[in-house]
Amino acid sequence: MKRTRQVSLALLLAGLVAVSGCDQKSADADTGQDKLAGAFEGELKDCAAAAHALSVWVGKPYADAASTLQPAGPVTAIRVIRPGTMVTEDYRLDRLNVDLDDKDVVTKIYCG
C-alpha cells in the first residue's frame, strides 16, 4: 500500500512538471525576441542555451529566421538540414543545426 502511494505521488509530480513545462514554453514564446537578442550578444554560455533561446523559430519559415540564425557568441557555425540532406555524424559544441521540413519550415534547432 505504501509503495502504491509513492508511485502515485511520483506520477502526480511528473504530471505537474510536464504541465508547468507547457506553460513555460508559452511564456518563452512571448519573450522570444529578448532571448534572441541575448543569444547572439555573448550573454549565453553555450550552444545549448542559444538553441533553447532560438527555439521560438520552430514552426516558422526559415526565410523569416535566416537573418537571426547566424554564427555569433558561442555558435561559430550554422548547419541547415533539409529533408534528404546528407550530414556528418561528428558532434561540435559550437555548431547549431537547423532542421527544416519540405516546405522550409523550421522543425528543430539543436547543437551538434
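Looking at heavy atoms from C-beta onward, Thr107 lies out of side-chain contact with Val58 at the 4.5 angstrom threshold. Within the 4.5 Å cutoff, no side-chain heavy atoms of Leu93 are placed close to those of Asp46.
Sorted by first and then second residue, the salt bridge (Lys or Arg N to Asp or Glu O under 4.0 Å) pairs with a member in residues 71-92 read Arg82-Asp104, Asp90-Arg95, Arg92-Asp94; sequence neighbours excluded. Listed by first and then second residue, the disulfide (SG to SG under 2.5 Å) pairs involving residues 80-112 are Cys47-Cys111 (not counting sequence neighbours).
Grouping the Ile, Leu, Val, Met, Phe, Trp and Tyr side chains by contacts below 4.5 angstrom, directly or via other members, places Tyr62 apart from Tyr110.
Gln70 and Ala66 make their closest contact through NE2-O, 2.7 Å (heavy atoms, listed as atom of the first residue, atom of the second, distance). Val98 and Ile78 get closest at one heavy-atom pair: CG2-CG2, 4.1 Å. Summarising the geometry of Ala51 relative to Leu96, their closest heavy-atom pair is CB-CD1, 3.6 Å, with the distance given to 0.1 Å. The two residues Ile109 and Trp57 make their nearest non-hydrogen contact at CD1-CB, 4.1 Å.
The line from CG of Leu69 to CG of Asp64 is 10.5 Å long, rounded to the nearest 0.5 Å.
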